[in-house]
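Chain letters run A, B, ... following the sequence lines, proteins first and then strands; every chain starts at 1. Here the structure is a predicted model, which is why all the values come from computation and not from measurement.
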Amino acid sequence: MNRRKFIGQVPLLVSLLGLVEVWSRRLLANIVERTGSIGKRQYGMGIQIEQCIGCARCVVACKAENNVPPEPFFFRTWVERYVIKKDNSVVVQCNQGGAGEIVETVKERDTLRSFFVPKLCNHCKNPPCAQVCPVGATFQTEDGIVLVDDKRCIGCSYCVQACPYGARYIHPVKHTADKCTLCYHRIKKGLLPACVEVCPTQARVFGDINSVASPLVRLKHMKKIHVLKPGLNTEPKVFYTDLDGEVK
Amino acid sequence: MKSNPKDNRKPFDVNEYSNKLFKDGREWMKTMFSKIPDQIRRLLVVLVLLVATVWIVKAFIIPPELKEKGFFRTSAIESELSKPIHYVGNGDCAECHDDVSATKALGYHNGLSCESCHGPGKEHIDDPAEVVLSAPRKRDFCPLCHSYNMSRPTGFPQINPAIHNPLEPCISCHDPHNPEPPEVPHECAACHAQIARTVALSHHVRLECITCHATPEDHKVNPRFVKPSKPTTRQFCAQCHATDCEVKGTPRVDVNQHGERYKCWQCHYPHMPEVNS
């Protein structure tokens, strides 16, 4: 290589170096952003099965707070009643989301055990509903809450199918997907979610998972915690205590 | 003398050159354009119009928030946050209703939110004179939590509405802001009926439950959290059943020889101890 050739290649080299510098800066920024999000707020909910009396005040309050359609089959949260019979068969009842009258189909002497299980959107860390959304209407906020953008949602109900917990429904008026927001408009103002607020027995606990001593962290510390369908690797942020193995 | 061919060359004039090039180019464009068939030219006009429309739509009509890059529309979070609140929380109720709050804080309903029974209170707080919250006075409300249901946790106060003072509104006996604790059972048999029936047929019938189970008073109120004790050692049974004990009329065994590896209740059920074997 002679001098002339070398001088001819200098501009190319300089521009290449510049590109490398820009890329490395972006990569670094990415890493910093990711590691920074570890200490960020991640909201979640704890549900103590042994405290739940199945009064469904949460279901009623959720409907009032979030203007959930009044029809008895649209729910953001609902309470299931499990009856496990002595022959080990399981009866699950959910009349009007738990707010309806309980019809006793199983005699008490045939019952092995029985309990209530409140359910809601699990705000998964790996939400299957967000993965399948073709228009990006379902997304996660930086505090870990899965929200639906009803202006983007086209109502294709892929997400309703994809949710392993059955937490979603298609809003009959807006024709968009709707589900629990963990009362995002309340918790961001420092209030509790409506269902936690009205729970008479404090069966529902709300808090920040990453905090040092939120009520939820204390619950996770003191009790044996289980989540729904852990095998799906959705990493739910709704934690149950005393969850029976029959609960699916 | 040989003439240098370079001298004959006209000096290079930039203006002239560019004029020529421009003129040539224009003429070339003209001829090319006239060569294009008429229908294609019309199509070209349509194409230009289309491009212009798309540009106008993108630049002026689509709202800027939709053009933000990212995984979601950021204003979706704002619209979520701007949703109205209906339930205000106990703290806001206590600001005016401090007397009721003070009563409630001491009673069994202290963990119960005001709005669980009275409904969402935001409108009432905004306009206390106009919007008055209702209070459930009928007999059908309290049983939502307090009617007997086998799925409810043991120890939660439950009644059978059909037989518990029928037709009487709950609030005529119970103050919902300070419900009296349920009348505590005097006898263990009120709750532990099956054990009581078993003991009644056994030789331990004369013993009181508290002989073996030290029972704190709070167990009657909070049966699931305050629990009675149970005997833990062989020496406990030996107080009555050892060969050298002072109690009369009890079967005696040599505590050191009799089944020494086991606790007494691994073979003998204390509520129904067998006598003949």
Of the backbone (N, CA, C, O) and the side chain (C-beta and beyond), which part of F156(B) lies under 4.5 Å from a heavy atom of chain A, both, or neither? side chain
Under 3.5 Å donor-acceptor, Q202(A) side chain and G111(B) backbone: yes
Keeping K83(B) on the side-chain end and E65(A) on the backbone end, is there a donor-acceptor pair under 3.5 Å? no
What is the minimum heavy-atom distance between [X] and [Y], and which atoms define it?
X: S151(B); Y: Y82(A); result: OG-O, 4.5 Å
X: E80(B); Y: V148(A); result: OE1-O, 4.4 Å
X: P153(B); Y: I53(A); result: CD-CG2, 3.9 Å
X: R224(B); Y: E50(A); result: NH1-O, 3.9 Å

Can you tell me if [atom1] on [X] sees more than 12 non-hydrogen neighbours from other groups inside 6.0 Å?
X: K174(A); atom1: NZ; answer: yes
X: I210(B); atom1: CD1; answer: no
X: K189(A); atom1: NZ; answer: yes
X: Q266(B); atom1: CD; answer: yes
X: R137(B); atom1: CZ; answer: no
X: K125(A); atom1: NZ; answer: no

Does any backbone or side-chain atom of I145(A) lie under 4.5 Å from a heavy atom of chain B? Answer side chain, backbone, both or neither.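 When you check distances to chain B, no heavy atom of I145(A) falls under 4.5 Å.
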Considering only heavy atoms, which portion of Q140(A) lies under 4.5 Å from any heavy atom of chain B: side chain, backbone, both, or neither? backbone
Given the rule in the side chain to side chain contact (heavy atoms under 4.5 Å, CB included) test, do R81(A) and M150(B) qualify, once you have shown the distances and angles that lead to the verdict? CA-CA 10 Å; R81(A) 182 189 190 222; M150(B) 62 172 168; 3.5 Å; yes
How long is the gap from OG1 on T141(A) to CG on L81(B), to the nearest 0.5 Å?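 One gets 9.5 Å once the value is rounded to the nearest 0.5 Å.
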CG-OG distance between L192(A) and S113(B), expressed to the nearest 0.5 angstrom: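 Separation between the atoms: 9.5 Å.
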Pick whichever of S114(A), A56(A), A64(A) has the most heavy-atom pairs under 4.5 Å with chain B. S114(A)
Do S116(B) and R57(A) meet the criterion of a side-chain donor-acceptor pair at a distance under 3.5 Å?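 Result is no, nothing qualifies.
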I'd like to verify something: which residue of I77(B), V88(B), N149(B) has the highest number of heavy-atom pairs under 4.5 Å with chain A?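 That would be N149(B).
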